Amino acid sequence: MLDLGSGSGRDCFMLSKLVGPRGRVIGVDMTDEQLELSRKYIDYHMKKFGLQHPNVDFIKGYIENLKDAKLEDNSFDVIISNCVINLSPNKKAVLAEAYRVLQDGGEMFFSDMYINKTLSEELKKNKMLWGEGIGGALLWEDLEQIAKEIGFCCPRLVTSRYITLNKELEDIISDYKLVSATFRLFKLPKDAVKEKCRVIYKGGVTGCESEIQFDANFTFKVGESVEVDGELGGILKNSRFTEHFSFSSLENSTGSEKNIIRDPFQFADCSKAGISGSCCEPKARA
């Protein structure tokens, strides 16, 4: 697993316990102070988790150029990132590098900040907005476009919520709105077949023994047959989830189309209004 912008290393240490002695976690950060702090606690966490050898390492590098950090092609199963990409001036390079180092079937699971409309040129130059990450916030539609251009599947929205700003920031950005949203991006094999199908969750994912909340649109319960869209069918068949599902054709399709929520602002509005169903906020698991 790879953490882009690992900071103090907290997420990496949690992941190191999850992957265990047979797994490996790499954190990449460009700040010497953060790297020094994270490396300081490697031995402590290894002893606490009962590991004989460290399974986590922290590397100095820029998330826009992982080659300089000596990270090889197709070398990671999962990439995470927590509110870091919005700080990068070249987000397409970040996602392209993530795609490069992911194995086929691999996933990028990340949270970031999104804005509802393009900032004016004046606001883009505001130092306070850049310092808060607002100046670099993407439109969610831009994320979708960049991901597709690179080769990822369409981003799967997991959850989102509106960001509350202080009075000073509110006065600066006026009628702009911001959400914090989590998306899943999957890199599938070039020849992966994407077609609608029925799936049944068989269980087996740690922590999701009876059901798995995959994204904002789909929660799978053990033994329950669910009709999924073509892209999700391709994801489940060609990723680490395949062994946990059984698949069948759509001979008995209901013919109804599920309304897939992709817009994090729509999801945040539903959650804020307390609307149940597909708009209720999931507990991003697995």
Side-chain angles (χ1 to χ4, degrees), residues 4-5 62-65 79-100 102 107-166 168-187 214-218 229 231-232 235 258-273 275 278-279 281-282 284:
L4 299 179
Y62 294 91
I63 60 177
E64 300 89 348
N65 188 359
I79 296 174
I80 68 164
S81 181
N82 189 6
C83 295
V84 172
I85 298 174
N86 64 300
L87 299 173
S88 171
N90 191 344
K91 296 167 181 60
K92 187 170 184 178
V94 176
L95 293 181
E97 279 292 84
Y99 187 88
R100 178 182 66 81
L102 275 175
E107 174 187 2
M108 185 174 179
F109 188 98
F110 66 107
S111 298
D112 220 326
M113 184 188 302
Y114 299 89
I115 197 163
N116 66 327
K117 57 184 179 180
T118 303
L119 281 173
S120 67
E121 291 303 315
E122 180 182 358
L123 289 179
K124 286 180 180 180
K125 298 174 183 178
N126 186 291
K127 292 182 179 180
M128 180 179 290
L129 294 187
W130 268 104
E132 295 293 334
I134 298 171
L138 275 177
L139 301 176
W140 75 269
E141 297 95 335
D142 289 343
L143 168 69
E144 187 173 86
Q145 182 61 35
I146 292 171
K148 288 181 177 179
E149 288 176 2
I150 290 169
F152 280 111
C153 288
C154 185
R156 309 290 304 195
L157 175 66
V158 177
T159 188
S160 67
R161 60 176 177 78
Y162 278 107
I163 297 173
T164 302
L165 303 175
N166 61 38
E168 185 176 9
L169 287 172
E170 279 187 346
D171 290 342
I172 294 174
I173 68 170
S174 182
D175 59 342
Y176 291 93
K177 295 181 180 180
L178 295 157
V179 292
S180 173
T182 301
F183 283 96
R184 313 182 85 143
L185 284 175
F186 286 86
K187 175 185 177 180
F214 189 83
D215 60 19
N217 300 282
F218 289 93
D229 58 273
E231 190 141 73
L232 182 52
I235 289 170
K258 182 179 177 68
N259 181 29
I260 304 296
I261 297 177
R262 296 158 45 234
D263 181 348
F265 289 91
Q266 179 189 356
F267 185 87
D269 283 335
C270 291
S271 298
K272 190 175 181 179
I275 299 173
S278 63
C279 279
E281 185 167 343

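These numbers come from a predicted model, not from an experiment.
Contact annotation: the side chain of I85 approaches that of F110 to within less than 4.5 Å [non-hydrogen atoms, C-beta and beyond]. In this structure the side chain of L129 reaches within 4.5 angstrom of the side chain of L169, judged on heavy atoms. Considering only heavy atoms from C-beta on, L139 comes within 4.5 Å of T118 through its side chain. Annotation: side chain of E132 is not in contact with side chain of L165 (no heavy-atom distance under 4.5 Å). Here the side chains of F267 and R161 are not in contact, with every heavy-atom distance at 4.5 Å or above. Looking at heavy atoms from C-beta onward, Y162 lies in side-chain contact with D269 at the 4.5 angstrom threshold. Looking only at side-chain heavy atoms (C-beta outward), E97 and R100 come within less than 4.5 Å of each other. Proximity of I173 to L178: side-chain heavy atoms (C-beta onward) are separated by under 4.5 Å at one or more points.
Atom CD of E144 sits about 4.5 Å away from atom NZ of K148, to the nearest 0.5 Å. Between D112 atom CG and L143 atom CG the span is 8.5 Å, to the nearest 0.5 Å. In this structure, CG in L123 is found 8.5 Å from OG in S174, a value given to the nearest 0.5 Å. Interatomic distance, CZ of R156 versus CD1 of I261, reported as 11.5 Å (0.5 Å rounding). To the nearest 0.5 angstrom, I235 atom CD1 is 14.5 Å from K187 atom NZ. To the nearest 0.5 Å, atoms CD1 (I115) and CG (L138) are separated by 10.0 Å.
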Problem - Step-by-step side-chain contact (heavy atoms from CB on, under 4.5 Å) determination, F265 to C270 - result: CA-CA 9 Å; F265 289 91; C270 291; over 6 Å; no
Exercise for the section: For side-chain hydrogen bond (donor to acceptor under 3.5 Å, both in side chains), just list the numbers for T182 and S111, CA-CA rounded to whole Å, side-chain angles, deciding distance to a tenth of an Å, and then say yes or no. Expected result: CA-CA 4 Å; T182 301; S111 298; 2.7 Å; yes
Practice task
Begin from the C-alpha positions of N82 and F109 and carry the test side-chain contact (heavy atoms from CB on, under 4.5 Å) through to its verdict.
Solution key: CA-CA 9 Å; N82 189 6; F109 188 98; over 6 Å; no
Practice task
Go through the steps for K117 and D175 under the test salt bridge (Lys or Arg N to Asp or Glu O under 4.0 Å), then give the verdict.
Solution key: CA-CA 10 Å; K117 57 184 179 180; D175 59 342; 2.9 Å; yes
Exercise for the section: Go through L232 and F214 one step at a time and tell me if the side-chain contact (heavy atoms from CB on, under 4.5 Å) criterion holds. Expected result: CA-CA 10 Å; L232 182 52; F214 189 83; 3.4 Å; yes
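Minimum heavy-atom separation, C153 to L185: O-CD2, 3.7 Å. W130 approaches N86 most closely through the heavy-atom pair CZ3-O, 4.2 Å. Between M113 and G133, the closest heavy-atom pair is SD-O, 3.8 Å. Considering every non-hydrogen atom in both V94 and S88, the closest pair reads CG2-OG, 3.5 Å. What you find for I172 and M128 is that their closest heavy atoms are CD1-SD, 3.7 Å. Of all non-hydrogen atoms in L4 and M108, the two that sit nearest each other are CD1-CE, 4.0 Å.
A salt bridge links K92 and E149; the closest N-O separation between the charged side-chain nitrogens and carboxylate oxygens is under 4.0 Å.
Aromatic ring centres of F186 and F152 lie farther apart than the 6.0 Å criterion allows.
The environment of NZ in K124 is crowded: more than 12 heavy-atom neighbours from other residues, nucleotides or ligands sit within 6.0 Å. At most 12 non-hydrogen atoms from other residues, nucleotides or ligands lie less than 6.0 angstrom from OH of Y62.
Between the side chain of N116 and the backbone N or O of K177 there is at least one donor-acceptor pair closer than 3.5 Å. Checking side-chain atoms of K91 against main-chain N and O of G136 turns up a donor-acceptor pair under 3.5 Å. Of the possible polar contacts, none joining the R262 side chain to the C154 backbone as a donor-acceptor pair under 3.5 Å is found. With S160 contributing its side chain and A181 its backbone, the two residues share no donor-acceptor pair below 3.5 Å.
Between F183 and Y114, the ring-plane angle classifies as perpendicular under the 30° and 60° cut-offs.
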